[in-house]
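Given the structure is predicted, the values throughout are model-derived calculations rather than measurements. The sequence lines fix the lettering, A, B, ..., with proteins before strands; numbering per chain opens at 1. Just so it is clear, the values below take in all heavy atoms, side chains as well, and ignore hydrogens, waters and symmetry mates.
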Number of protein chains: 2
Amino acid sequence: MIKLSKKIEYGILALQYIAVHSDKIVSAKEISEQMGIPYEFLSKTLQQLMKKGLIVSQHGIKGGYVLGKNAADVTVKDIIIALEGKASFLDCFVSSDGLICERSPNCTIKDPMEKLQSKVMQVFNNTTIAEIATT
Amino acid sequence: MIKLSKKIEYGILALQYIAVHSDKIVSAKEISEQMGIPYEFLSKTLQQLMKKGLIVSQHGIKGGYVLGKNAADVTVKDIIIALEGKASFLDCFVSSDGLICERSPNCTIKDPMEKLQSKVMQVFNNTTIAEIATT
DNA sequence: TTAAAATCGGATTACAATAGTCGGATTTAA
DNA sequence: TTAAATCCGACTATTGTAATCCGATTTTAA
Ligand code: FES
Ligand code: FES
C-alpha cells in the first residue's frame with residue numbers, strides 16, 4: 001500500500017514535538033507519553049534520527065533530544081531517508097545500489113515512472129518540520 | 001517503505017501493454033511472457049482491473065483483454081485504488097471507514113499531513129496510462 | 001560515591017502484508 | 001468436442017513492519 005510506515009509517522013510526530021518544545025530538552029519518555037507512541041520503538045526511531053543528524057542527543061539523567069538543524073531545513077523526504085534509507089517507488093529506480101531489473105534495458109515504463117517519482121519526491125521535499133509544527 | 005507494490009507495478013505494465021496493442025485483444029499469457037510477470041499473479045491483477053472497469057475481458061479461446069476506457073482517462077491513482085482499495089498515507093486519514101486514531105481529536109500533524117497527501121494524490125491523478133504508453 | 005534517569009544498541013519475537021502458487025470451474029471459438 | 005482462454009477461491013511462502021527484551025553506558029544530582 002502507498003502508506004507511510006509507523007516509524008515515519010512516529011518520526012514526524014516526534015520531530016514536530018521537539019520543534020514545538022525547542023526551549024527545552026525533551027526525553028523519549030516524554031514524547032512517548034504525550035504522543036501515545038510505544039516507548040521502545042520510539043527510542044529506536046530517535047536514535048536513527050540522531051545518527052543522521054536530524055536531532056542531537058544528551059546522555060544521562062536530564063538528557064533527551066533537541067533539533068540538530070533548523071526546523072525549516074528538515075523535510076519529510078529527509079525523514080524518510082533517515083529512517084528507511086531511501087525514498088523510491090520501484091526497486092529498479094534505485095540506481096545507487098547496483099540493482100538491475102530484468103526489464104531494465106528496454107523497459108517501457110521506466111522513464112514515465114521516474115518522472116512521476118521525481119514529482120512526488122518534490123512534494124515530500126517541499127514539506128518541512130517547521131511547516132508541520134506551525135500549521 | 002514508500003514503494004509501489006509489485007501488483008501496482010504489474011498493473012501499470014499490463015495496462016500500458018494493452019494500450020499500446022489496442023488494435024487487438026491481448027491475453028494474460030502474452031503480457032506475462034512479454035513483460036516477464038508471473039502468469040498466475042498477473043491473472044489475478046487483470047481480473048481486479050476488469051472488475052473495476054479499467055479493462056474489459058473476453059472469455060474463451062481467442063479471448064483476452066482490451067481497455068475499458070480511454071487511456072487518457074485512466075490515472076495511476078485509479079490503478080492504485082482499483083488494486084488496493086484506497087490510496088492514503090496514514091490510516092487515520094481514511095475518513096470513509098470509521099477509523100479513529102487515538103490522537104485524532106487534537107492531533108498536531110493531521111492538517112499538514114492531509115495537505116501533503118492531497119498534493120501527492122494530485123500527482124498520481126495527473127499521470128495517465130496514455131502518457132505512460134506514449135512517453 | 002552512589003543511585004536514578006536517561007540514551008544506546010543488539011537480538012529477538014510477533015504480526016501483517018505482499019507475492020506467488022495450486023486446482024478446478026466456466027466460457028467460447030474453431 | 002477439444003483447446004485456450006478467463007475466472008475464482010483457497011492456500012503457501014516470503015518479506016517487511018512493529019514491537020519487545022535485556023543489558024550496557026552516560027550523566028546529573030543527592
Ligand atoms: S526497469 Fe524495472 S520495471 Fe522498468
Ligand atoms: S489523527 Fe492519527 S496521527 Fe494524527
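- OP1 or OP2 of D/dT6 sits under 4.0 Å from a side-chain N or O of B/Tyr39.
- Rounded to whole Å, atom C1' of C/dA25 lies 12 Å from atom CD of B/Gln47.
- In this structure, A/Ser43 does not reach the C/dG9 phosphate: none of its side-chain N or O atoms is under 4.0 Å from OP1 or OP2.
- The nucleotide whose nearest atom lies closest to any side-chain atom of A/Gln58 is, among C/dG9, C/dA29, D/dT27, D/dT27.
- The closest side-chain donor-acceptor pair between B/Ser88 and B/Gln117, if any, does not fall under 3.5 angstrom.
- Judged purely by atom type and a 3.5 angstrom limit, B/Ser32 has no side-chain atom pairing as donor or acceptor with the backbone of B/Ala28.
- For B/Tyr10, the listed nucleotide lying nearest its side chain is C/dG20; candidates were D/dT27, D/dA4, C/dG20.
- A salt bridge links A/Arg103 to B/Glu9: one of the charged nitrogens lies within less than 4.0 Å of a carboxylate oxygen.
- Considering only heavy atoms from C-beta on, B/Lys7 comes within 4.5 Å of B/Phe41 through its side chain.
- Residue order along DNA chain C, read from the 5' end via each residue's closest nucleotide, puts A/Tyr65 first among B/Lys7 and A/Tyr65.
- Minimum atom distance to the side chain of B/Lys6 is reached by C/dA19, of the listed D/dC7, C/dA19, D/dT20.
- Per the geometry, CG belonging to B/Leu42 stands 14 Å off P belonging to C/dA19, to the nearest Å.
- Note: CD1 (B/Ile37) to P (C/dT21) measures 13 Å, nearest angstrom.
- In this structure, A/Met50 places its CE atom 12 Å from C1' of D/dT26, rounding to the nearest Å.
- Here the P atom of nucleotide D/dT17 and the CD atom of A/Gln48 are 11 Å apart, to the nearest Å.
- A straight line from CG of B/Leu46 to C1' of D/dT6 spans 10 Å, rounded to a whole angstrom.
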Quiz item: Checking salt bridge (charged side-chain N to carboxylate O under 4.0 Å, His left out) for the pair A/Glu30/A/Lys24: CA distance, chi angles, key distance, verdict?
Solution: CA-CA 12 Å; A/Glu30 177 178 347; A/Lys24 61 169 181 176; 2.9 Å; yes
Exercise. Carefully, step by step, assess B/Asp73 and B/Thr128 under the rule side-chain contact (heavy atoms from CB on, under 4.5 Å).
Key: CA-CA 7 Å; B/Asp73 294 333; B/Thr128 69; over 6 Å; no
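- For B/Pro38, counting side-chain heavy atoms from C-beta on, the closest listed nucleotide (C/dG20, D/dC22, C/dC22) is C/dG20.
- In this structure, B/Glu84 places its CD atom 18 Å from P of C/dA16, rounding to the nearest Å.
- Counting distance only, with no hydrogens placed and no angle test, the side-chain atoms of B/Lys44 and the base atoms of D/dG9 include a donor-acceptor pair under 3.5 Å.
- At a non-hydrogen distance threshold of 4.0 Å, nothing from residues 28-35 of chain B comes into contact with DNA chain C.
- In the set D/dC7, C/dC8, D/dT28, the nucleotide with an atom closest to the side chain of A/Lys62 is D/dT28.
- Here the side chain of A/Glu40 is nearest to one of D/dA5, D/dC22, C/dA19, namely D/dC22.
- At whole-Å resolution of the value, NE2 in B/His59 and P in C/dA30 are 17 Å apart.
- Between B/Lys62 and B/Ile25 the shortest side-chain heavy-atom distance does not fall below 4.5 Å.
- B/Lys3 comes within 4.0 angstrom of no nucleic acid atom, judged by non-hydrogen atoms across all strands.
- The nucleotide whose nearest atom lies closest to any side-chain atom of B/Ser27 is, among C/dA19, D/dA5, C/dA5, D/dA5.
- Taking for each of A/Gly60 and A/Ile8 the nucleotide of DNA chain D with the nearest heavy atom, the 5'-most of the two is the partner of A/Ile8.
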Practice problem: Might you work through the side-chain contact (heavy atoms from CB on, under 4.5 Å) test for B/Leu46 and B/Tyr65, ending with a clear yes or no? | Solution: CA-CA 8 Å; B/Leu46 290 169; B/Tyr65 301 92; 3.7 Å; yes
